There are 2 protein chains.
Amino acid sequence: MKQLPETTSVNAQVLASLRAAVISGELAPGSLHSVQNLATQLGVSRTPVREALIKLAQQGMVRFERNRGVRILLTSLHDLEEVFALRLLLEPPAVRRATTRLDGNQRRELRRMFAHMEKAARADDEFTMFEHDRRFHRVLLEASGNARLAAFVDGLRDMVLRRGVSTARASRSLDDIVAEHRAILDLIEAGDAEGAAKAMREHVRHTAELLIAQEAGADLGPGLAAVDIDLDWTGPARDHD
Amino acid sequence: MKQLPETTSVNAQVLASLRAAVISGELAPGSLHSVQNLATQLGVSRTPVREALIKLAQQGMVRFERNRGVRILLTSLHDLEEVFALRLLLEPPAVRRATTRLDGNQRRELRRMFAHMEKAARADDEFTMFEHDRRFHRVLLEASGNARLAAFVDGLRDMVLRRGVSTARASRSLDDIVAEHRAILDLIEAGDAEGAAKAMREHVRHTAELLIAQEAGADLGPGLAAVDIDLDWTGPARDHD
DNA sequence: CGGTGACGTGTCGCATGCCACTCTCGCCCC
DNA sequence: GGGGCGAGAGTGGCATGCGACACGTCACCG
């Protein structure tokens, strides 16, 4: 038997497909779909589709509307604020912790992800870039030793991807993004937990500001992207830099 | 028609029942159950039970084992560490934020929850006490304006309840718990965001230490509850007080 | 001509059928 | 008597049946 034991369940495949469809915008935000239709398109029955949608609903990507269909939820400005406020609270401490706990495999994996990011950036391959960006962050989160934290933050990224993938380019080059990750990686390699945490904080904050400014601009028309939002709940004294 | 439109779906009822059963220990940690059995006991079909279990599985309370049944997961020491590390990272900033954003209704609700806690403590009604404890925290989390944060932290409490409800009494009286909440409430009422955040931090940390020490004692035998755990990832310089 | 109500279509939520797989237990062979 | 194996019961995962409800349409009535 050469048949590999890696028989991914139908449910998992459907979940991946639907998640990708929502993120890519193939299922437009705000639109309504029936489970039956989605099931037919995916070539499976309604059950696994419904179960996958339940999971997505728990994550906040869709919402069931009784006897009407399933609504693809849109990512509002407030959603972005929530996501980045949480990432600002969680990722820097996770990196601080990860720096001292990283084992050999994780360190190697982190370097590998970063290398892929660099390569993708040189090739101007946006999709691959963000793919490994996400995995870079995930390795760090898992290295913190807190699986719940890792899963939660990783899930938050889905919300952002829908807005971010195709728009981030406008305001920040792929090289800039790589540079921010390089800073984080270097400080981790140097064992500077505090510096790495601070670098991560700046990275997340920077990303947040660009995305939110852009989103606000898109909502309110061009030119008035300066919205008064404070994402950073971290400390007692906040000075808007 | 006086029939209220509040017809809770079967799924929601099943979800509540199963969650309560897991938390109360009626479904013992580590035990295996079939969907068919649970459905029969609840008087419904397999479908809503399965869907509710999928939600619980996403939350980490149970796990599906193919062709074997549904495993009720146990809360390990490490799980408690994860939960409280997250609560320490999230709840103090949430309270800091909530203090300045609390509206009239929320403030009233907060006072009401606290009053119920006091009353339950006087009546030595542990269950009602923890019920309103949870709602007290939830009001605060929601007042922070971050719904994702509120939902996430509230979900984390399920993990703790299973261990906490029947054991917390051993090391801390209900009055002590009320006192910690009174401190938080007073500082919020006084508009002292920083103080309230600090009080919340101490409250969570205190709860964590008691539960974890107790759990570690239960696991390793009595007398060696002094386990080296640092939950607090918050800042650069940690001094174990 | 405008409003209203009944009907038809489409949908979810719940129930049930079906299949492949796992585990157990007892029988049969050695 | 002991050990291996096969049949049966039980399970989750997927497919499908079924009823109640929401909404759009259109005919009918005022």
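Everything quoted here is computed from the prediction, not taken from an experiment.
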Name all residues meeting the salt bridge (charged side-chain N to carboxylate O under 4.0 Å, His left out) criterion together with [X]; count only those two or more places apart in sequence or in a different chain, and write none if there are none.
X: B/Arg135; result: none
X: B/Arg112; result: B/Glu109
X: B/Glu142; result: B/Arg138

Has the side chain of B/Arg71 got a donor or acceptor atom that lies under 3.5 Å from a matching backbone atom of B/Leu32?
no
Output every pair passing side chain to side chain donor-acceptor pair (under 3.5 Å) with a member in residues 37-48 of chain B, not counting sequence neighbours, ordered by first then second residue.
B/Gln36-B/Thr40
Side chain to side chain donor-acceptor pair (under 3.5 Å) contacts touching residues 51-63 of chain A (sequence neighbours left out):
A/Asn11-A/Glu51, A/Arg19-A/Gln59, A/Glu51-B/Arg50, A/Gln59-A/Asp158, A/Arg63-A/Glu65
Mind pulling the stems DNA chain C is in, i.e. runs of at least three Watson-Crick or G-U pairs, everything under 3.5 Å?
C:1-30 with D:1-30
Please list all pairs passing the ring-ring contact (aromatic ring centres under 6.0 Å, His included) test where one or both residues lie in residues 131-162 of chain B, with sequence neighbours left out.
A/Phe152-B/Phe152, B/His116-B/His132, B/Phe136-B/His181, B/His137-B/His181, B/His137-B/His203
Can you pull the contact range of chain B along DNA chain D, 5' to 3', using atoms under 4.0 angstrom from its heavy atoms?
D/dT11 to D/dG13
Residues that B/Ser24 engages under side chain to side chain donor-acceptor pair (under 3.5 Å), provided they are two or more places apart:
none
May I have the step-by-step check of side chain to side chain contact (heavy atoms under 4.5 Å, CB included) for B/Leu18 and B/Val62, ending in yes or no?
CA-CA 10 Å; B/Leu18 289 177; B/Val62 304; over 6 Å; no
Applying salt bridge (charged side-chain N to carboxylate O under 4.0 Å, His left out) as the test, list every pair that has at least one member in residues 21-30 of chain B; sequence neighbours left out.
none
In B/S/- notation, 5' to 3', how is nucleotides 9-17 of chain C contacted by protein heavy atoms closer than 4.0 Å?
-BBBBBBBB
Sole candidate of A/Asp133, A/Val83, A/Ile23 that passes side chain to side chain contact (heavy atoms under 4.5 Å, CB included) when paired with A/Arg157
A/Asp133
Before accepting this row, confirm whether a basic side-chain N of the pair A/Asp125/A/Lys119 lies closer than 4.0 Å to the acidic partner's carboxylate O.
no
Members of residues 52-59 of chain B that approach DNA chain C, where some heavy atom sits under 4.0 Å away:
none
